[in-house]
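Below: the structure, in structure tokens.
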Amino acid sequence: MRIFVAGGTGYIGSHTVLELLAGGHDVVVADDFSNSSPVVVNRLRQISGKFFPFYNIDVRDEAKLDGVFSDHKIDCVIHFAGMKSVGESVKMPLAYYADNLGATIALCRAMEKHGVSKLVFSSSATVYSSGNQMPLTEDSAVGNCANPYGWTKYMCEQILRDAAAANSGWSVALLRYFNPVGAHISGDIGEDPLGTPSNLMPYIAQTAVGRRESLNVYGDDYDTIDGTGVRDYIHIDDLAKGHVAAINHLEGKTGTSVFNLGTGKGTSVYELVRAFEKASGASVPQKVVGRREGDLPICYADASKAARELGWIAEKSIEDACADSWRWQKKNPDGYLDTIASTQVRNSLASSSCSSNSAFSGT
């Protein structure tokens, strides 16, 4: 199967590309590196030992997107393209609505034009309402989102439901992620957020490697096992495999399906820090800075539907995730921030036959 991966050099997208290639699929990748690095393209090719077409395009540019779909007979789309920072979305709501909804609409139009009927969407647990009981199931209440980022995921889900209803042969899988962590076992790709990390694991890893003075702990007075927030942390490799399982699920089906991708259990901030210190042998200094508005004490998934219908379960542990994150961070203490190499790769990609102008980055 030939799969178009929109936003395929981001954290989740890059690991999913590797899983797809390992599974024998052909991939066509697009991104703009606004939330990733051009170095990722060559690293994916080196790790996999396979060449794949890469397009440096903005997937909201329907003319350029049409060119990609004209060049390749696409069987399925995986849609990672989007802006993804909760805090940034509060400061820049219009940009988030324009970019995230615009990318989804453009991809749907390209699919309609070129007869592509399968799509897997990178959604999020942020679509769930705050008043739900734990664990969250696919039937838990959605909407009443806490931030514009969550609302864009909610709205994109609705766009895709409506598109699938209007196109009778379409099959769409909405994958609601919980908290991806870890890195590829090679240590060559991993999570490299721009600026101050908004996710816990890269903040821990950057503190352990000396890039940050200390880890901010946002509240230690919750009604949890140790007072800190509890979340469902899923290894990035397991999450990537969930996309492959979702693609297989789409075969012979129509309509829209929703799946939680999580481990089904929670880990507190302090538990994750201790596991990371044990895996790395490094110290992670911490300071409690008070709660953040909108944070829940506990949030974790019921992933039993994915087990039943996709044949997928999360297999890797928190310890695995910590060891892999440390390997990535230690091997790449400044992440992908090698400006000379990045510029060289960017120029090379810009001059290749499978490249165009700026693109739209992935998760």
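Bear in mind that the values here come from a model prediction, so they are computed numbers and not experimental data. What's counted below: heavy atoms across the whole structure, side chains too, no hydrogens, waters or symmetry copies.
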>> Using only atom types and a distance under 3.5 Å, with no angle test, would you say the side chain of Y336 pairs donor to acceptor with the backbone of G190?
In response: yes
> Can you tell me how far CG of D237 sits from NE2 of H15, rounded to the nearest 0.5 angstrom?
Replying inline: 6.0 Å
> What is the minimum heavy-atom distance between A164 and V172, and which atoms define it?
Replying inline: CB-CG2, 4.1 Å
> Between D58 and K64, is there a side-chain N and carboxylate O pair less than 4.0 Å apart?
Replying inline: no
> Under 6.0 Å from the six-membered ring centre of F178 and within 45° of its axis: does the NZ or CZ of R231 meet both?
Replying inline: no
> Between V28 and V5, is a side chain to side chain contact (heavy atoms under 4.5 Å, CB included) present by the stated rule, with each step listed?
Replying inline: CA-CA 6 Å; V28 178; V5 186; over 6 Å; no
> Under a 4.5 Å cut-off applied to non-hydrogen side-chain atoms, are E191 and S325 in contact?
Replying inline: no
>> Over 60° means perpendicular and under 30° means parallel, so tell me whether H114 and F69 are parallel, tilted or perpendicular.
In response: tilted
>> Can you see whether Y96 engages E88 through a side-chain donor-acceptor pair at a distance of less than 3.5 angstrom?
In response: yes
> Under a 4.5 Å cut-off applied to non-hydrogen side-chain atoms, are I57 and V68 in contact?
Replying inline: yes
> Does any non-hydrogen side-chain atom of S122 lie less than 4.5 Å from one of L175?
Replying inline: no
>> Closer than 3.5 angstrom, by distance alone: can the side chain of H72 be matched with the main-chain N or O of I74 as a donor-acceptor pair?
In response: no
> Donor-acceptor pair, Q158 side chain versus M155 backbone, under 3.5 Å?
Replying inline: no
>> Are C76 and V116 packed together at the side-chain level, in the sense that at least one heavy-atom pair is separated by less than 4.5 angstrom?
In response: no
> Between the side chain of E277 and the main-chain N/O of V284, is any donor-acceptor distance below 3.5 Å?
Replying inline: yes
> Backbone N or O of L136 within a donor-acceptor pair of the S140 side chain at under 3.5 Å?
Replying inline: no
> If only atom types and distance count, is the side chain of N147 paired as donor or acceptor with the main-chain N or O of Y149 below 3.5 Å?
Replying inline: yes
>> Could you see if I204 belongs to whatever hydrophobic cluster contains V269? Use Ile, Leu, Val, Met, Phe, Trp, Tyr and a side-chain cutoff under 4.5 Å.
In response: yes
> Honestly curious: do L21 and V40 fall in one hydrophobic cluster under the side-chain, below-4.5 Å linking rule?
Replying inline: yes
>> Between D66 and K113, does any side-chain N to carboxylate O distance fall below 4.0 Å?
In response: yes
>> Testing the basics here: between A279 and C322, what is the closest heavy-atom pair and its distance to 0.1 Å?
In response: CB-CB, 3.8 Å
> Going by distance alone, is a donor N or O of one side chain under 3.5 Å from an acceptor N or O of the other, for T137 and D302?
Replying inline: no
>> Looking at K330, I'd like to know if its NZ atom is crowded, meaning that more than 12 non-hydrogen atoms belonging to other residues, nucleotides or ligands lie closer than 6.0 Å.
In response: no
>> In the structure I gave you, are the side-chain heavy atoms of V127 and W151 within less than 4.5 Å of one another anywhere?
In response: no
> Is the number of heavy atoms from other residues, nucleotides or ligands under 6.0 Å of K278 NZ greater than 12?
Replying inline: no
>> I'd like to know if the side chain of T228 pairs up with that of D220 as donor and acceptor (distance under 3.5 Å, no hydrogens or angles considered).
In response: no
> If you measure from SG on C156 to OH on Y97, what distance do you get to the nearest 0.5 Å?
Replying inline: 10.5 Å
> How long is the span from the CG atom in L250 to the CE atom in M1, to the nearest 0.5 Å?
Replying inline: 8.0 Å
> Can N42 and Q46 be counted as having a side-chain donor-acceptor contact under 3.5 angstrom?
Replying inline: no
> Around L194, counting heavy atoms of other residues, nucleotides and ligands shown, do more than 12 lie under 6.0 Å from its CG?
Replying inline: yes
> Could R291 and Y222 be counted as a cation-pi pair, given that NZ or CZ must be under 6.0 Å from the ring centre and within 45° of the axis?
Replying inline: yes
> Do you know which two heavy atoms are closest between R211 and D192, and how far apart they sit?
Replying inline: NH1-OD1, 4.3 Å
>> What I'd like to find out is whether the side chain of V181 reaches to under 4.5 Å of the side chain of I234, using heavy atoms alone.
In response: no
> Does the side chain of Y55 come under 3.5 Å of the side chain of D31 through a donor N or O and an acceptor N or O?
Replying inline: no
> Could you go step by step and tell me if L18 and H184 meet the side chain to side chain contact (heavy atoms under 4.5 Å, CB included) rule?
Replying inline: CA-CA 9 Å; L18 289 181; H184 189 263; 3.5 Å; yes
>> Under the criterion salt bridge (Lys or Arg N to Asp or Glu O under 4.0 Å), I'd like the reasoning laid out for D232 against K265: C-alpha separation, chi angles, the key distance, then a yes or no.
In response: CA-CA 6 Å; D232 189 335; K265 59 183 178 181; over 6 Å; no
> So, N260 side chain and K305 main chain: donor-acceptor pair closer than 3.5 Å or not?
Replying inline: no
>> Checking ring pair (Phe, Tyr, Trp, His ring centres under 6.0 Å) between H243 and each of Y177, F259, W312, F121, which is the one that passes?
In response: Y177
> If we only count heavy atoms from C-beta on, is the K331 to D188 side-chain gap below 4.5 Å?
Replying inline: yes
>> Given T152, which partner from the list N100, T126, T104 fulfils the side chain to side chain donor-acceptor pair (under 3.5 Å) test?
In response: N100
>> If you apply the rule side chain to side chain contact (heavy atoms under 4.5 Å, CB included), what do you find for V29 with F4, and how did you get there?
In response: CA-CA 6 Å; V29 179; F4 178 62; over 6 Å; no
>> Treating Q329 as the side-chain partner and N332 as the backbone partner, does any N or O pair qualify as donor plus acceptor under 3.5 Å?
In response: yes
>> What's the separation between atom CZ in R274 and atom CD1 in I318, rounded to the nearest 0.5 Å?
In response: 12.5 Å
> Between S129 and N132, does any side-chain donor sit less than 3.5 Å from a side-chain acceptor?
Replying inline: no
>> Hydrophobic clusters here meaning ILVMFWY residues chained together by side-chain heavy-atom distances under 4.5 Å, can you tell me if V288 and F276 are in one?
In response: yes
>> Against the six-membered ring of F52, is R45 placed for a cation-pi contact (under 6.0 Å from the centre, within 45° of the normal)?
In response: yes
> Just wondering, are more than 12 heavy atoms of other shown residues or ligands nearer than 6.0 Å to CD1 in I185?
Replying inline: no
> For Y128 and R176, what are the C-alpha separation, side-chain angles and deciding distance, and is it a side chain to side chain donor-acceptor pair (under 3.5 Å)?
Replying inline: CA-CA 9 Å; Y128 289 114; R176 293 173 179 167; 3.1 Å; yes
> Taking all non-hydrogen atoms of both residues, which atom of A95 and which atom of M83 are closest, and how far apart?
Replying inline: O-SD, 3.8 Å
> Between T267 and L272, what is the shortest heavy-atom contact and its length?
Replying inline: CG2-N, 3.8 Å
> Salt bridge or not for D75 and K118, using N-O below 4.0 Å?
Replying inline: no
>> Could you report the tightest heavy-atom contact between W326 and V209, atom names first, then the distance?
In response: CZ3-N, 4.0 Å
> Is any side-chain heavy atom of R161 less than 4.5 Å from a side-chain heavy atom of E157?
Replying inline: yes
>> Just by distance, no angles: are the side chains of H235 and D324 close enough, under 3.5 Å, to form a donor-acceptor pair?
In response: yes
>> Using 0.5 Å steps for rounding, measure from the CD1 atom of I159 to the CG atom of L101.
In response: 4.0 Å
> Would T224 and Y270 count as a side chain to side chain contact (heavy atoms under 4.5 Å, CB included) if you check the C-alpha gap in whole Å, the side-chain angles of each, and the deciding distance to 0.1 Å?
Replying inline: CA-CA 11 Å; T224 62; Y270 285 154; over 6 Å; no
